[in-house]
Amino acid sequence: VLLERDKRGVGRTDIISTVEFNHTGELLATGDKGGRVVIFQQEIENKSQPQFRSEYNVYSTFQSHEPEFDYLKSLEIEEKINKIRWLPQKNAAQFLLSTNDKTIKLWKISERDKRPEGYNLKEEDGRYKDPNTIMSLRVPVLIPMDLMVEASPRRVFANAHTYHINSISVNSDNETYLSADDLRINLWHLEITDRSFNIVDIKPANMEELTEVITAAEFHPHQCNTFVYSSSKGTIRLCDMRASALCDKHSKLFEEPEDPSNRSFFSEIISSISDVKFSHNGRYMMTRDYLSVKIWDLNMENRPVETYQVHEYLRSKLCSLYENDCIFDKFECCWNGNDSVVMTGSYNNFFRMFDRGQRRDVTLEASRENSKPMQVLKPRKVCAGGKRKKDEISVDSLDFNKKILHTAWHPQDNIIAVATTNNLYIFQDKVN
Amino acid sequence: MMECAFDAQNLISISLRKIQSSRTQRGGIKLHKNLLVTYVLRNARQFYMSKNLSQTQRTHHYEDVAAVRGRHEYLELTGSLTELADDFYCNFTGVESDTWHCGAHQSIGQPAEVAHQDASACAMVPQSDSELMVSEACWSCADKSSWDLPVLNAQANQKTVLDLDTHVVTTVTNGYFHSDCCAQSKQPQGAQCYSKKRKMDTSYYVVDPEFYLPDFGPWPCKRMRTDDDSPSEPEQLDSSNISNLISVLGSGGLSEFVSWQQTDLEQIIAAQTICLKHTLLTGSGWTRAIEAF
């Protein structure tokens, strides 16, 4: 049972490229193709009421990255924000990391709701007084003012990636974070911008021998020495930084053997992992490939413990999807707060939720036409073949331009953020 | 495999177009996507090979087809594909397609500075600069047609190529051939890109799989970056003089450059030649594929 609120607005041409709740869920950050970050803040109406409704309103907007030109390589660097990751809050200010293809930035978002008044040497408008006119001294006081939210770049971590950055992940030690590109993973200290440690390097000596790239990487939520990275070959490697400085040798390799009956021209493409996420409890991890979501137990490497088909009806359409480039879409996935439900996006503005405990799944749609604010979302169904029932949608009428690549789940409550191409939808589970 | 032979042909042409168009995409070549596309190409090729294993006698027919078309055209087309693949394998840093990209001569007689692969250095070399061997090598093929006479080496996996202009003999080993990708200052009709050295095996001709596509259009040609369209420094850049390159970075400063260089020098300066993976272009699979249609 979900209520819908459309947030980013009508007619925006900014394509949302990342969505992330902070650790309390109070703030929701989005990044877009234009290099902008928009942060929404939750304002809870009457939480004491059983049917409280959360509203997310724009809190701060800033330009995180600008397009750049790499003169040495004659290469334009896109300003698109690939990932945003929040740091755990330590003081009044909020910190987040945002990255484009090449540069990671640490942003401080702080509130200012007071301003000083009553300077001795300055007038209110800032002009300096003639010291001879001052007869007495007073202590300046802070007086309330309209809330101002300021975003300022505190660190810029640049020039450490030859290839395109696809992931950043903050360590549980709150001091370090990793950044991953196609072939390398670097470890940074949040305070130090002029150097980073390379901890994974899969670049072959001869680039013609390249067979796989890194597609995603994440630190373990509790073990500060452990991280995983996924590859385009459908494997996940778990690495322990205590084992050696360079973690090219994995501690664990998670791989499911391919089903030979499913072999096609596109087998390699659809097995490429587009996202990997640890569960909150740190015992599982979830991977997303083109057609499915897999849950892995960290103690079992040879196969996932659960596999969920997101849109199996697309398997017979792979050739067309290759032609229109949709087969290269990188869908993300996310866990709910207690790891009982996982969610991921699909086409036609559909998104899917899989309830692990109750073994049921649902397909929902994020669109203006089909839902009004406060209206309960209706489950959708795709008809794979044969006779189409009423209210079902046939595969051929799916709109492949409407894709939901980015979704996020509130860390505690049943509130989800779903990004269509340039709109953000926030849905809330109605608490009964 | 579920797809039939026709779909495989279609896939090959689609894949090649994707690789080609990725060169002009904003943000540089996407390594991941291009790697996946090459897997599709490989799968399609393997499909053809499995379909045509028994038809060995067709190679003679294939040579007739080649003769009709003319060797020059073949070289142009295969040069284009070579260039594409070169760009993919050698421009992992994401150099855009219209960036000047020079392959170094793998030759005995030329000095070592030819070997530098600095793309932007090449781009900045004006036409009049004849002191840099790199520029001369690149411009020479725009001015003259310096097609190589292939000389088959005794060893099966070695080919020897003679450059008609410089009279330099190049030996290609282990199935890799060295090609120089050269941009032209003028755009001839059809915007063909020439490959300076082509390895030819006299038992069959290497033909671009796009060769038989009905709507084959002109290849996009790499053009020389002029001062007008590049915001970078107008001064000449010596590829071996790194301090000049630093000045291009502007406010970034030396430290930024050095730390970046450490991860990138390997791309730019290390290799002396560009090697192209052989399996995609040669191998009996392709020739049989052509015969089938």
Side-chain angles (χ1 to χ4, degrees), chain A residues 67 69-80 100-102 158-164 166 181-184 186 194-196 198 201 203 205-215 231-233 262-270 272 274 315-316 318-319 322-323 325 327-328 330, chain B residues 1-3 7-8 10-11 14-15 18 26-33 35-37 39-40 42-44 47 89-96 98-100 118-121 123 176 225 230-233 245 248-250 252 255-261 263-264 266-268 271 275-277:
Chain A
F69 193 83
D70 182 335
Y71 296 103
L72 200 61
K73 291 185 274 193
S74 293
L75 172 70
E76 193 176 4
I77 301 170
E78 274 192 283
E79 67 275 27
K80 174 169 75 88
N100 67 349
D101 282 340
K102 297 286 183 182
N159 301 320
H161 285 281
T162 308
Y163 305 98
H164 296 136
N166 52 54
D181 67 27
D182 292 316
L183 296 178
R184 297 192 178 99
N186 293 330
D194 62 355
R195 75 192 84 124
S196 68
N198 176 245
D201 188 341
K203 182 172 180 242
N206 190 350
M207 274 300 256
E208 294 161 57
E209 292 158 21
L210 181 76
T211 56
E212 64 181 332
V213 297
I214 297 168
T215 53
S231 85
S232 55
K233 273 193 169 171
N262 274 336
R263 180 94 194 126
S264 75
F265 285 131
F266 311 104
S267 293
E268 286 83 4
I269 301 186
I270 63 170
S272 175
S274 53
R315 195 180 285 274
S316 56
L318 293 179
C319 202
Y322 178 70
E323 216 168 333
D325 267 3
I327 206 173
F328 300 105
K330 295 187 184 168
Chain B
M1 298 193 181
M2 304 294 288
E3 291 86 356
D7 283 342
N10 206 21
L11 278 177
I14 291 169
S15 304
K18 284 188 193 299
R26 194 166 167 250
I29 294 175
K30 307 245 180 315
L31 181 61
H32 183 199
K33 180 178 175 185
L35 182 68
L36 296 177
V37 169
Y39 273 115
V40 175
R42 183 202 69 175
N43 292 339
F47 181 79
Y89 283 110
C90 305
N91 284 319
F92 283 138
T93 51
V95 179
E96 282 185 322
D98 56 355
T99 301
W100 240 50
D118 192 328
S120 69
Y176 294 108
R225 238 181 221 289
S230 168
S232 44
E233 292 286 317
L245 296 172
V248 173
L249 292 175
S255 61
E256 225 175 274
F257 176 78
V258 169
S259 62
W260 178 81
Q261 276 286 28
T263 55
D264 219 33
E266 56 203 333
Q267 302 285 334
I268 296 169
C275 294
L276 175 69
K277 192 137 204 161

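The structure presented is a predicted model; accordingly, all values stated were derived computationally and were not measured. Side chains are part of it too, since the values below use all heavy atoms of this structure and drop only hydrogens, waters and symmetry mates. Residue numbers begin at 1 in each chain, while the letters A, B, ... track the order of the sequences.
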Name of the residue among Leu36(B), Val37(B), Asn43(B) meeting side-chain contact (heavy atoms from CB on, under 4.5 Å) with Ile269(A) | Leu36(B)

Run the numbers on Lys18(B) and Phe328(A) for side-chain contact (heavy atoms from CB on, under 4.5 Å), then give the verdict.
-> CA-CA 12 Å; Lys18(B) 284 188 193 299; Phe328(A) 300 105; 4.1 Å; yes

Mind checking whether Leu31(B) and Asp181(A) have side chains closer than 4.5 Å, heavy atoms only?
-> no

Would you check if Lys33(B) and Asp325(A) make a side-chain contact, meaning some heavy-atom pair closer than 4.5 Å?
-> yes

Arg26(B)/Glu79(A) salt bridge by N-O under 4.0 Å criterion | yes

Over all heavy atoms of both residues, which pair between [X] and [Y] is shortest? Give the atoms and the distance, please.
X: Leu35(B); Y: Ser232(A); value: CD2-OG, 4.0 Å
X: His32(B); Y: Ser272(A); value: NE2-OG, 3.0 Å
X: Ser15(B); Y: Tyr322(A); value: OG-OH, 2.7 Å
X: Gly28(B); Y: Leu75(A); value: CA-CD1, 3.2 Å

Determine, step by step, whether Thr211(A) and Tyr39(B) satisfy the side chain to side chain donor-acceptor pair (under 3.5 Å) criterion, reporting the C-alpha distance in whole Å, the side-chain angles of both residues, the deciding distance to 0.1 Å, and the verdict.
-> CA-CA 9 Å; Thr211(A) 56; Tyr39(B) 273 115; 4.6 Å; no

Think Lys30(B) forms a cation-pi with Tyr163(A), using NZ or CZ under 6.0 Å from the six-ring centre and within 45 degrees of its axis?
-> no

